[in-house]
2 protein chains.
Amino acid sequence: MPKAYEEIADDIRRSIRERLRKPGDRLPSEAALAEHYGRSVPTVQNALRLLSEEGLIDKQHGRGNFVRRPRTLAVRDNGRHQWEKNRARAPEAIRAETGATEHDTGLRLDDLVFYAKYREFEAPDELADAFGVPVGTTLLKRTYRTRYAAETAPFNLVTSYLVRDMIAANPDLLDETKEPWPGGTQHQLYTVGIEVDRVEERFTARPPTPEEAKALDLPAGTSVIVLRKTSYDIEGRVVDVSVVTLPGDRTELLFTTSLERW
Amino acid sequence: MPKAYEEIADDIRRSIRERLRKPGDRLPSEAALAEHYGRSVPTVQNALRLLSEEGLIDKQHGRGNFVRRPRTLAVRDNGRHQWEKNRARAPEAIRAETGATEHDTGLRLDDLVFYAKYREFEAPDELADAFGVPVGTTLLKRTYRTRYAAETAPFNLVTSYLVRDMIAANPDLLDETKEPWPGGTQHQLYTVGIEVDRVEERFTARPPTPEEAKALDLPAGTSVIVLRKTSYDIEGRVVDVSVVTLPGDRTELLFTTSLERW
DNA sequence: GAGTGGTCTAGACCACTGT
DNA sequence: CAGTGGTCTAGACCACTCC
């Protein structure tokens, strides 16, 4: 026997795919749908929940169920790393123009709201491993979030780790009130004589935890992309480890790989 | 007033995070949980559904609810492109050893099951744009899926597009029965004199469509990574466009970006 | 067949939105 | 206030798993 809520979901899904219902349209009320399909309200809700999890509709308490509009993407391009490196040694006037985030989004610094917090702590197992330092080494943990000034939701959550002793030569680097730092992390490292040679990025995708859904204001039926970034200096040392959480519905990542010529 | 199903979910979530319940453990039956929390069965089910969507538990009809184990990852490394290029001109004996998929997973060809289907069709708007050819140009559409011989679920779904006239000089390239092709797409292109110069990859993450969930055997509470790959030859022409759908719970993407020295 | 989760109902009551 | 979706109940019945 076919399941009632799936039949209802299939029917509505089809109507959306065929554009009989367009982005922004309000669906009939749940009571009306229940009447139409000859089912109880909870059964209709079950069907709508499915569609919401697939990201097809947006449930709005007290207002209605709406066909979801696709969101505008922020592109995160791996060219950003070379771009940031080129600017790391430039005079402040040039560095101040734009940062890597603005490079990604095409927005200017004024459009972005930035929030940073620094904390020192002792390296646990996993991070000590990643940096190749003894467990207990003092690390600096920096958490950031950035968002468009025009929107309420941040579009990334960043946790970055540095080895304290590696950067202590410049006390400003330990001071969160200096953020946002013109030129980004690569410039910060440059001020203590570190040159970044290569960047490794690892990605996975999964549903958001409730905390992430709240912090990024993610609707039901979206995913987060989790990026673990490791930066190596020219001596092969790990100089920065970052974990970046990106909203899957607003982010596109772009990687270009150039191949050697025959 | 706190919502009953969230309280129950919070309580169970906490017990999992604190490892009071370990991966593989079975939760008490829904009836038992309902009794324990003094709530109805549907309310408990509501809570369990939440946890299932977060990927914390695995619901198994007729068996029980289990704390989910993290899955083993297949790493997809952008070094694969240079690696594949290096082998494209090698003798068949060497090419036959392993392909790019085996490079990713560390498995040998024997462990993998491969399925390919070819179809010719006329370029619609979007693809004509991507290739820079007129709408209606004949394209070859190739769909693949690969899976571990030991598992039932494929770990990727691939659709690859080529311009027919660009490869027609080698009739074998139009024949799906020749798959899997030792050496991969870059070798196929080499047989008609095309050298790949760079590869662009764009990806986003989202919940699976019902079709994808079925094809990849995705449990509730997982995401898919959608990767659009564009290959350019040394003359700047687009020679291949591929769309790859990867299960978010089994895939890690690794990109390394090397920076120029100061 | 016993035990488990899955679906569904009919209706009560609550919470949010907009007039 | 009317209209909407959200939560919850108590219980019936179905479907799957395993012994």
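Values in this document were obtained by computation on a predicted structure and should not be read as measured data. Order of the sequence lines sets the chain letters (A, B, ...), proteins ahead of strands, with each chain counted from 1.
- In this structure, A:Tyr37 places its OH atom 14 Å from P of C:dC8, rounding to the nearest Å.
- Separating the CG atom of A:Leu50 from the P atom of C:dC8 is a distance of 11 Å, rounded to the nearest angstrom.
- Distance, A:Glu30 CD to C:dC8 P: 15 Å, rounded to whole Å.
- Checked against ring-ring contact (aromatic ring centres under 6.0 Å, His included), B:Tyr5 has no partners two or more places apart in sequence or in another chain.
- Within the structure, every pair that satisfies the salt bridge (Lys or Arg N to Asp or Glu O under 4.0 Å) test and touches residues 21-37 of chain B, not counting sequence neighbours, is listed here: B:Glu30-B:Lys59.
- Taking atom CG of A:Leu48 as the reference point, atom C1' of C:dT7 lies 16 Å away to the nearest angstrom.
- In this structure, the CG atom of A:Leu27 is 13 Å from the P atom of D:dT4, given to the nearest Å.
- Atom pair A:Lys3:NZ and C:dC8:C1' shows a separation of 13 Å (rounding to whole Å applied).
- Take A:Arg142 and apply the side-chain contact (heavy atoms from CB on, under 4.5 Å) test, not counting sequence neighbours, and it matches A:Tyr118, A:Leu140, A:Tyr144, A:Ser160, A:Leu162, A:Glu179, A:Thr185, A:Gln188, A:Asp240.
- Residue A:Arg26 contributes atom CZ, which lies 14 Å from atom C1' of C:dC16 at whole-angstrom precision.
- Applying the salt bridge (charged side-chain N to carboxylate O under 4.0 Å, His left out) test to B:Arg14 and every residue at least two apart in sequence or in another chain returns B:Asp11, B:Glu18.
- Among the atoms of the strands shown, none is found under 4.0 Å from any heavy atom of A:Asn46.
- Atom CZ of A:Phe66 and atom P of D:dG3 are 16 Å apart (whole Å).
- Listed pair B:Tyr5 / D:dC8 fails the phosphate criterion, with no side-chain N or O lying under 4.0 Å from OP1 or OP2.
- Remark: B:Glu126 engages no residue in a salt bridge (charged side-chain N to carboxylate O under 4.0 Å, His left out) (not counting sequence neighbours).
- Partners of A:Phe66 according to the ring-ring contact (aromatic ring centres under 6.0 Å, His included) rule, which considers only residues two or more places apart in sequence or in another chain, do not exist here.
- For the OP1/OP2 pair of D:dT4 and a distance below 4.0 Å, the side-chain nitrogens and oxygens of A:Asn65 include no atom meeting the criterion.
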Protein-nucleotides 9-11 of chain C N/O pairs closer than 3.5 Å?
unit_1	atom_1	unit_2	atom_2	d
C:dT9	OP1	A:Arg39	NH1	3.4
C:dT9	OP2	A:Ser40	N	3.1
C:dT9	OP2	A:Ser40	OG	2.6
C:dT9	OP2	A:Thr43	OG1	2.3

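- Ring geometry for A:Phe255 against A:Phe203 counts as perpendicular: the plane angle is over 60°, on a 0 to 90° scale with 30° as the lower cut.
- Remark: A:His61, A:Gly62, A:Arg63 in residues 54-63 of chain A come within less than 4.0 Å of DNA chain C through at least one heavy atom.
- Evaluation of the side-chain contact (heavy atoms from CB on, under 4.5 Å) rule for A:Pro208 yields A:Glu212, A:Ala213, A:Leu218, A:Val224 as partners, not counting sequence neighbours.
- In terms of modelled atom types and a separation under 3.5 Å, the side chain of A:Asp77 and the main chain of A:Gly79 share a donor-acceptor contact.
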